[in-house]
Amino acid sequence: MESIDRLREWADELICHPTTLTRLTTIADDIEREAADMVPLPVDADGVPIHVGDVMENIVCPPVHREVTGVGVECFYGWEEGNGRYSQFGANCYRHHHAPTVEDVLREFASDIADVLGGDDFRLDDSDELFAEYAAKLRLAGDE
């Protein structure tokens, strides 16, 4: 590990007492051994590491949310209401859940209206500025 190697070099240059240097080197060896046994955190569909306590949103069957109670190799664990037990879930089928913004709600509404009015013929592409404009108007509605 690069950081451990730098620590060893620094200690070798700075510490003159052989017992102290030996003790520091032993601790560095222990850290390196422990780090080799660690498993990297799983990452969600967006490549963001998953930690215990995160709330994940299923990208295949939204709006299913799960709170992470444990992590494993390319998976996480959480409560599954349907089975009434803790279960394992594939990390790549989930992304971190974030509370929806006004723009998100408008985008969802526009998509639903598009489905009702014309399906695939109704385009919502390149409309971020429009959503932002109307989101600002909606935020002001509560200020009056």
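Everything numeric here is computed off the predicted structure, so don't read it as measured data.
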Flag side-chain contact, heavy atom, 4.5 Å: Ile4 against Ile31: yes

Salt bridge (charged side-chain N to carboxylate O under 4.0 Å, His left out) between Glu103 and Arg107, intermediate numbers included: CA-CA 6 Å; Glu103 289 86 353; Arg107 194 169 280 108; over 6 Å; no

Residue pair Val71 / Pro42: nearest heavy atoms and the distance that separates them: CB-CD, 3.8 Å

Pro100 versus Val105, closest heavy-atom pair with distance: CB-CG2, 4.3 Å

Pairwise distance CZ(Phe89) to CE(Met56) - rounded to 0.5 angstrom: 11.5 Å

Asp44 versus Tyr94, side-chain donor and acceptor atoms under 3.5 Å: no

Least distance between heavy atoms, Leu41 atom then Ile50 atom: CD2-O, 3.5 Å

Minimum heavy-atom distance between Ile59 and Ala45, given as atom pair plus value: CD1-CB, 3.7 Å

Name of the residue among Ile27, Asp29, Thr22 meeting side-chain contact (heavy atoms from CB on, under 4.5 Å) with Thr25: Asp29

Glu57 side chain reached by Arg66 side chain, heavy atoms, under 4.5 Å: no

His97 side chain near Glu67 side chain, heavy-atom distance below 4.5 Å: no

Centroid-centroid distance, Tyr86 to Tyr77, less than 6.0 Å: no

Expected output: side-chain Asp54 to main-chain His51 donor-acceptor under 3.5 Å: yes

Exercise: do Asp46 and His96 side chains pair donor with acceptor under 3.5 Å: no

Donor-acceptor pair, side chain of Asp104 and main chain of Thr101, under 3.5 angstrom: yes

Glu74 atom CD: more than 12 heavy-atom contacts under 6.0 Å: no

